[in-house]
Amino acid sequence: MSPKMKNALTSSTSVVGILLIIVFCLAPFYWMVVSSLRPAKDVFDTTFWPSEVSWENYVAVFDPSRNFGQSLLNSLIVAGITTILALIVATIAAYALARLEFRGKTFLLTVIIATSMFPLVAIIVPLLKLFTDWGWINTYQSMILPNLSFALPLAVWNLTSFFKQIPTDLEQAAMVDGCTPGQAFRKVILPIAAPGMFTTAIIVFINAWNEFLIAVTMVNDVAIQTAPVAISKFGGASEFETPYGSQMAAGVVVTIPLLILVLIFQRRIVAGLAAGSIKQ
């Protein structure tokens, strides 16, 4: 086989592989959108597009009795505060881990990332008992604090790798020009590390936005529950009816903010992922 034919075959295989990945990833979301646009009587149809497009499911989702708008706001509050706190703490910790040399640093980083792999279900009952004693049930902090404990290890690990790629010569040059270490960090290092910080923030936000187990365990007040919990509690017209159409519509509504967020910051996300894989 000639080199030209090999290149053509490789390119074709790559294109086919990429298309298969796209279909595999987007097919569930597409089916969710299509199902959300079907009338209740056609929800089990298997056509690729509704024979009759209906918005009744979206109207049902935002029915005042469901309080779904408040649930979206609650998810935004929990995910937003978790992301901000995780980014602040992780940035400081990761910078220190990237710049300071001390015995056991590698072991410490291993322990940090290992904590993010600890099964949540194993600690959810002790957390529930602790927060009940503190009077934190049905509060935002009962969701934010556990989310933060799982978001921080991943954020610290990611940002440490980004800070390691930034040459220390930049800080030294800034300090020679009259900057204090704090000013060099704020004015030189942080702007360079911005892509990595954006990438980490998006990952943390998505994880906190989609979190279900903590929210459903710590909150039983409808006014405080997050969107994933609200969707799980959707009821039908009767006790034994599952409102699949409304749940699909709510799933689309919950997913759209994440898609918009990723599309807006896609360049920074790609830059951050690329920066973390290139050795300076």
Side-chain angles (χ1 to χ4, degrees), residues 75-120 123 127 140-141 143-211 214 258 261-262 264-280:
S75 288
L76 181 61
I77 292 172
V78 172
I81 294 177
T82 300
T83 302
I84 293 171
L85 292 178
L87 204 60
I88 293 173
V89 176
T91 299
I92 298 171
Y95 181 71
L97 287 169
R99 288 293 185 260
L100 298 179
E101 293 296 335
F102 55 89
R103 178 180 295 180
K105 185 170 75 170
T106 302
F107 175 75
L108 178 60
L109 283 170
T110 303
V111 171
I112 289 174
I113 195 62
T115 57
S116 67
M117 302 176 187
F118 201 81
L120 175 59
I123 63 172
L127 282 176
Y140 288 124
Q141 60 264 31
M143 295 180 282
I144 293 171
L145 194 62
N147 279 332
L148 189 61
S149 67
F150 282 91
L152 272 176
L154 181 61
V156 170
W157 182 271
N158 284 342
L159 288 175
T160 299
S161 65
F162 286 114
F163 284 124
K164 283 182 177 179
Q165 310 305 321
I166 301 175
T168 56
D169 296 345
L170 295 176
E171 296 150 283
Q172 294 171 359
M175 286 186 279
V176 168
D177 289 339
C179 288
T180 64
Q183 290 174 329
F185 175 69
R186 293 195 312 271
K187 298 180 179 181
V188 178
I189 302 302
L190 285 184
I192 297 175
M197 295 174 65
F198 267 98
T199 304
T200 303
I202 294 295
I203 294 172
V204 171
F205 184 88
I206 291 175
N207 288 338
W209 178 269
N210 292 330
E211 199 285 321
I214 295 172
L258 301 181
L261 195 64
V262 172
I264 291 175
F265 297 110
Q266 62 177 328
R267 291 187 178 180
R268 290 185 176 271
I269 294 172
V270 173
L273 292 173
S277 64
I278 297 174
K279 186 174 181 180
Q280 299 286 342

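Listed by first then second residue, pairs satisfying salt bridge (charged side-chain N to carboxylate O under 4.0 Å, His left out) with a partner in residues 192-208 number zero, not counting sequence neighbours. Residue pairs that meet the salt bridge (charged side-chain N to carboxylate O under 4.0 Å, His left out) test with at least one member in residues 189-210, sequence neighbours left out, do not exist here. Listed by first then second residue, pairs satisfying salt bridge (charged side-chain N to carboxylate O under 4.0 Å, His left out) with a partner in residues 190-203 number zero, not counting sequence neighbours. Sorted by first and then second residue, the salt bridge (charged side-chain N to carboxylate O under 4.0 Å, His left out) pairs involving residues 172-198 (not counting sequence neighbours) form an empty list.
At distances below 3.5 Å, at least one donor-acceptor pair connects side-chain atoms of Q183 with backbone N or O atoms of T180.
Take L108 and apply the side chain to side chain contact (heavy atoms under 4.5 Å, CB included) test, not counting sequence neighbours, and it matches L97, F102, I112. Judged as a side chain to side chain contact (heavy atoms under 4.5 Å, CB included), and not counting sequence neighbours, the contacts of T83 are A201, V204, F205. K105 pairs by the salt bridge (Lys or Arg N to Asp or Glu O under 4.0 Å) definition with E101, not counting sequence neighbours. Residues forming a side chain to side chain contact (heavy atoms under 4.5 Å, CB included) with I189 (at least two apart in sequence, or on another chain): Y95, R99, F163, I166, E171, F185. By the side chain to side chain contact (heavy atoms under 4.5 Å, CB included) test, P119 is found to be paired with V121, A122, residues two or more places apart in sequence or in another chain being considered.
Within the model, atoms CG of N158 and CE of M197 stand 12.5 Å from one another, a figure rounded to the nearest 0.5 Å. In this structure, the separation between CG on L148 and CG on L85 is 5.5 Å, given to the nearest 0.5 Å.
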